[in-house]
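These notes are about the structure you will find just below.
First listed ligand is number 1; within each ligand, the first listed atom is number 1. For clarity, every value in this text was computed on a predicted model and none was experimentally measured. Counting from 1, the numbers follow the sequence of the chain as shown.
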Amino acid sequence: LRRPMEKDIPELAQMAWEFEQYLLKVDPGLVEETPSKEVFKNVLEQGFNDPKHYMIVAEKKNDGGLVGLADFWAYPEFLHGGITGYFNNLFIREGWRGKGIGQMLFENAMAEAKGRGLVAMHIGVKAGNTKALEFYKKMGINEELVMLETRV
Ligand SMILES: CC(C)(COP(=O)(O)OP(=O)(O)OC[C@H]1O[C@@H](n2cnc3c(N)ncnc32)[C@H](O)[C@@H]1OP(=O)(O)O)[C@@H](O)C(=O)NCCC(=O)NCCS
């Protein structure tokens, strides 16, 4: 595991695109269009050096390419009385799932959140992504909070 570098942005954008393709399969009713890799790249660049953003990636040995990523944003949330995290993206590339990498990335992000003094973490999971829900249950997350989404 390591922190991402600017040079990773194109590969991260590719992974974001693969993640969207995965989610489209989970929820075929999803009407949104997958943004282009260029759009993913631009948005990734915006968060890259922002101290409120944390990202961790898993890489194959000897610079062999990225296999997974996790990230969260931290923001002051008055109802929780402190800094709260929003953990939206945990993605392991096809062929690399079920090897403990998701757990490593998730635990790393939670340890970082603890170190930063966050009071809570909200974890975004698409309704219907039962595999991910099973994974998070396995990670000990049992409190459910429903989040709605709309385009603005
Ligand atoms: C969900 C995901 C992040 C899990 O990562 P992973 O690397 O495959 O999972 P791990 O190998 O670290 O599994 C950790 C534990 O969770 C369990 N687990 C993982 N996937 C599971 C599933 N689908 N059902 C039940 N348990 C599961 C594993 O069995 C393991 O427990 P064990 O140590 O007792 O065997 C990964 O499969 C993935 O990227 N999926 C596609 C994208 C996605 O849905 N992301 C999450 C939504 S934001």
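Contact check for Met55 versus Leu44: side-chain heavy atoms found under the 4.5 Å cut-off. By the 4.5 Å heavy-atom criterion applied to side chains, Glu94 and Tyr22 are not counted as neighbours.
For Ala109 against Phe87, the heavy-atom pair with the smallest separation is CB-CE1, 3.6 Å.
Partners of Glu59 under the salt bridge (Lys or Arg N to Asp or Glu O under 4.0 Å) rule, at least two apart in sequence or in another chain, are Arg2.
Enumerated by chain and number, the residues approaching ligand 1 to less than 4.0 Å through a heavy atom are Phe19, Tyr22, Asn88, Leu90, Phe91, Ile92, Arg97, Gly98, Lys99, Gly100, Ile101, Gly102, Gln103, Gly124, Asn129, Lys131, Ala132, Glu134, Phe135, Lys138, Met139.
Side-chain contacts under 4.5 Å among hydrophobic residues (ILVMFWY), followed directly or transitively, place Met147 together with Tyr75, Tyr86. Think of Leu148 as one node in a network of Ile, Leu, Val, Met, Phe, Trp and Tyr side chains linked at under 4.5 Å; its network also takes in Val146.
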